[in-house]
Number of protein chains: 2
Amino acid sequence: MCHRIPPGHPDNEPAGCLLCAIRSLSICDALDESELRELVRLSQRVRFGSKEPLFSEGDQSDASFNVSEGTVRLYKLLPDGRRQIIGFALPGDFIGVATGIRYGLSADAVEPVRACRLPKEPFSRFIESKPRMLQRMNDFARNELVLAQNHMVSLGRRSAEEKIAAFLIGWRDRLERIGRSTKTIHLPMSRQDIADYLGLTVETVSRTLTRLERENTILIVPGGVRLINLGRVEALAVA
Amino acid sequence: MCHRIPPGHPDNEPAGCLLCAIRSLSICDALDESELRELVRLSQRVRFGSKEPLFSEGDQSDASFNVSEGTVRLYKLLPDGRRQIIGFALPGDFIGVATGIRYGLSADAVEPVRACRLPKEPFSRFIESKPRMLQRMNDFARNELVLAQNHMVSLGRRSAEEKIAAFLIGWRDRLERIGRSTKTIHLPMSRQDIADYLGLTVETVSRTLTRLERENTILIVPGGVRLINLGRVEALAVA
DNA sequence: CGAAGGATTGACGCTTCTCAAATAGGGTGG
DNA sequence: CCACCCTATTTGAGAAGCGTCAATCCTTCG
């Protein structure tokens, strides 16, 4: 539907922080009007087409990103190509903060993505004297840790069926928190992505989903699922 | 060897932040002398015996802790008792920061632990106007995320043998960074702990370790292991 | 309309789990 | 100091869940 976009194509719009639709979801909510005006000057609005990388593990870490639209896949690769998806970033999420001079993981767009690019140096100078912003970034990191911890429980201790259920419930909750419809849960990522997120194979994901559908627990629809027997899914998810 | 210690037994020593041996490893390194003096007044030195909980998932989150001695196990439980160990905390680590009013996971002492207890309210007031401290706490949270991400790769995409190797290398690196000997790697945690950390069973951990020993890759010694064929372990660990 | 990639389904195998029992080790009390 | 007990660890045999390989189907898009 939309034509190929060059890597990290800059929009011609300026970063419109003051009018930003997802500001209340993002770290920028900790800034006042004059600070936002300052941020406008040091940030850039960028777009990425499906599968296009925002950054890759090992790259020089030049910038972080505030996702404003679309879904981003964050992952690590083993030398032989095995992939573990660490998480998916949604609008409001703040990604690409590296500990060292290089990114510790890779990120690419699952579907077309818009984001604010925050170049490392200017941005770190910008925040260094803003305790409220630092607090908010701390809260965001803590929240990421909570997600990571639940993810570890799934990876280490849940069966394939429980993993899928926990994934669907967790994804639904995240969509809900950013104000998306949850009547039918939109799944922009592929079966392979779900498999690599849950430590399974595509085949197992596919089989498990169709089994859940045959049992009338879920309904598979194009681009997502509906939870028919919500209680059953939730029971599997906590287990 | 030592008698039973009541839960979270307070030492009679004051919190000696100025002389603290692990300050350079901890978040407190971001504080100057007068700030440390302030911290002394609002923190308490506490001890925990083996297996004693520092806090439990679902408890009201009253305080966080700076570990100064010993090893802490951080974990989550499923309703049926399955356990996933999220990580181990060592001297210098800052644990028990909750996002909400309740702890999101449980923590207990693997071996006798000393820590500084930082009551939530006074501590959050203490840091709110200290950007350097907030920065450092951010760095610590980021570092935890890096560990979590590597852990997820192990849980989701590595074989039992690779998990064990990656665990040994990762543990060795952490011991090294806090200045511990790595000639023989001290493992204070049980086989069951290692299993619950790696998403395996005790039997698989035991079998894998003895297989590695039979192949002359490692040597199992009381309380730890020695890496005989370091190259082999490292090769398994990256894979 | 046809090609290409994604998703599903099936048959079979293997790694890891489960259940069970033996062994070792550490702490306690006599 | 030694014997005993309790727990941790190791080892074995068999089962099962999930992975692998392969073929088919479906969808999307040129």
Side-chain angles (χ1 to χ4, degrees), chain A residues 1-4 49-51 73 78 80-84 110-112 154-165 167 187-215 218-225 236 239, chain B residues 1-5 49-51 73 78 80-85 110-112 154-165 167 187-215 218-225 236 239:
Chain A
M1 95 191 34
C2 56
H3 44 290
R4 188 63 44 78
S50 276
K51 300 183 185 178
R73 166 173 62 219
L78 291 178
D80 65 359
R82 281 175 284 177
R83 182 178 70 158
Q84 177 63 48
V110 169
E111 51 184 350
S154 278
L155 288 169
R157 287 298 179 225
R158 286 198 243 250
S159 70
E161 196 174 38
E162 292 165 349
K163 284 178 179 184
I164 297 276
F167 167 69
L187 298 174
M189 72 291 288
S190 69
R191 296 289 189 263
Q192 184 64 62
D193 287 339
I194 298 175
D196 287 347
Y197 179 80
L198 295 174
L200 299 170
T201 58
V202 213
E203 293 92 332
T204 301
V205 170
S206 183
R207 271 188 257 270
T208 305
L209 284 171
T210 56
R211 176 152 24 93
L212 288 172
E213 183 169 46
R214 268 200 304 272
E215 291 167 353
I218 65 169
L219 179 68
I220 300 171
V221 298
V225 296
L236 282 170
Chain B
M1 93 189 40
C2 57
H3 45 289
R4 188 64 44 79
I5 302 166
S50 275
K51 299 184 186 178
R73 164 174 61 220
L78 291 178
D80 65 359
R82 280 175 286 177
R83 181 177 70 158
Q84 177 63 48
I85 292 188
V110 169
E111 51 183 352
S154 278
L155 288 169
R157 287 296 179 228
R158 286 198 242 250
S159 70
E161 196 174 37
E162 291 165 350
K163 284 178 178 184
I164 297 276
F167 167 68
L187 297 174
M189 71 291 288
S190 68
R191 297 288 189 264
Q192 183 65 62
D193 287 339
I194 298 175
D196 288 347
Y197 180 80
L198 295 175
L200 299 170
T201 58
V202 213
E203 294 93 330
T204 301
V205 170
S206 183
R207 273 188 256 271
T208 306
L209 283 172
T210 57
R211 176 154 22 95
L212 288 172
E213 184 169 46
R214 268 201 303 273
E215 290 167 354
I218 64 170
L219 179 67
I220 300 173
V221 298
V225 296
L236 282 170

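These numbers come from the heavy atoms of this one structure, side chains and all, not from hydrogens, waters or symmetry mates. Labels below follow one simple rule: chain letters A, B, ... track the order of the sequence lines, proteins then strands, and each chain is numbered from 1.
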Asker: Take atom NZ of Lys163(B) and atom C1' of dT15(C), then tell me their distance rounded to the nearest Å.
Answerer: 11 Å
Asker: Keeping the roles fixed (side chain from Glu162(B), backbone from Ser159(B)), state whether a donor-acceptor pair exists under 3.5 Å.
Answerer: yes
Asker: Compare side-chain N and O positions of Thr204(A) against OP1 and OP2 of dG19(D) and report whether any pair is under 4.0 Å apart.
Answerer: yes
Asker: Which nucleotide sits closest to the side chain of Ala160(B): dT16(C), dT9(C), dT10(D)?
Answerer: dT16(C)
Asker: Less than 3.5 Å between a donor and an acceptor, one on the side chain of Arg211(B) and one on the base of dT11(D), is that the case here?
Answerer: no
Asker: Can you tell me if Arg157(A) uses its side chain to pair, donor with acceptor, with the backbone of Arg82(B) under 3.5 Å?
Answerer: no
Asker: Can you measure Ile220(A) atom CD1 to dC25(D) atom P for me and round it to whole angstrom units?
Answerer: 18 Å
Asker: Quick one: the side chain of Glu203(A) and the base of dC21(D), do they pair up donor-acceptor inside 3.5 Å?
Answerer: yes
Asker: To the nearest Å, give me how far apart CZ (Arg191(B)) and P (dT23(C)) are.
Answerer: 19 Å
Asker: Does the base of dG12(D) carry an N or O that pairs as donor and acceptor with the side chain of Arg207(B) under 3.5 Å?
Answerer: yes
Asker: By the 4.0 Å heavy-atom rule, please label Ser206(A) as base, sugar-phosphate, or nothing.
Answerer: base
Asker: Going by heavy atoms in the side chains, are Leu155(A) and Gln84(A) under 4.5 Å from each other?
Answerer: yes
Asker: Would you mind reporting whether Glu111(A) and Met189(A) have side-chain heavy atoms less than 4.5 Å apart?
Answerer: no
Asker: Round to the nearest Å and state the distance from Leu200(B) atom CG to dG17(D) atom P.
Answerer: 18 Å
Asker: With a 4.0 Å cut-off on heavy atoms, is Gly199(B) in touch with a base, just the backbone sugar-phosphate, or nothing at all?
Answerer: sugar-phosphate
Asker: Please state whether the base of dT15(C) and the side chain of Arg158(B) form at least one donor-acceptor pair under 3.5 Å?
Answerer: no
Asker: What is the separation between atom CZ on Arg83(B) and atom P on dC17(C), rounded to the nearest whole Å?
Answerer: 15 Å
Asker: Atom CG of Leu187(A) and atom P of dG6(C): how far apart are they, to the nearest Å?
Answerer: 17 Å
Asker: Choosing from dA7(C), dA8(D), dT16(C), which nucleotide comes nearest the side chain of Ser190(B)?
Answerer: dA8(D)
Asker: Taking only side-chain N and O atoms of Thr210(B), does any of them lie within less than 4.0 angstrom of OP1 or OP2 on dT11(D)?
Answerer: yes
Asker: How long is the line joining CD of Gln192(B) and P of dC6(D), in whole Å?
Answerer: 20 Å
Asker: Between Asp196(B) and Arg191(B), does at least one N-O distance fall below 4.0 Å, as a salt bridge requires?
Answerer: no
Asker: Just the rounded figure in Å: distance from P of dA4(C) to NZ of Lys51(A).
Answerer: 14 Å
